[in-house]
Amino acid sequence: MPTNHPTSGREPYDILIRAVGQGIREVYGTSDWTQVESKAEGLWTLYAGSTGLAWAEVGERVRRAWEEAAVAAQ
């Protein structure tokens, strides 16, 4: 049975991962990932217990969302 849910076809927690990356960009506004990576990782650890995904599994996806947030802001 097909679904019309807006998140169908997305990987689990994709929206949450994007929100973390975009939120870090909005809050800290830096263009240097090394300055915010530990903050992003710290934020993700708040969600890790409920998602079951460790930073090692999502870190690169959060970084991509952080980078895409800069492009979207231009």
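Position 1 is the first residue of the sequence; numbering continues from there.
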**Request:** Determine, using the 4.5 Å side-chain heavy-atom cutoff (strictly less than), whether Ile15 and Leu43 are members of one ILVMFWY cluster.
**Result:** no

**Message:** On a heavy-atom basis, which atom in Val36 and which in Tyr28 lie closest, and how many Å separate them?
**Reply:** CG1-CB, 3.7 Å

**Asked** Does anything in residues 49-63 pair up under salt bridge (charged side-chain N to carboxylate O under 4.0 Å, His left out), and if so which pairs, sequence neighbours excluded?
**Response** Glu11-Arg61, Asp14-Arg61, Arg63-Glu67

**Prompt:** Where is the tightest heavy-atom contact between Ala40 and Val20, given as atom of each residue plus distance?
**Reply:** O-CG1, 4.2 Å

**Heavy-atom closest pair, residues Ala65 and Gly21** = CB-CA, 4.0 Å

Name every donor-acceptor pair, under 3.5 Å, that has one atom in a side chain of residues 44-56 and the other anywhere in the protein, sequence neighbours excluded.
from, atom 1, to, atom 2, distance (Å)
Trp44, NE1, Leu53, O, 2.7
Thr45, OG1, Gly42, O, 2.6
Ser50, OG, Tyr47, O, 3.0
Thr51, OG1, Tyr47, O, 3.2
Thr51, OG1, Ala48, O, 3.4
Thr51, OG1, Leu53, N, 3.1

**Item:** For Arg25, all residues meeting salt bridge (Lys or Arg N to Asp or Glu O under 4.0 Å), sequence neighbours excluded
**Value:** none

**Prompt:** Tell me, which pairs form a salt bridge (charged side-chain N to carboxylate O under 4.0 Å, His left out) where one or both residues lie in residues 32-42, sequence neighbours left out?
**Reply:** none

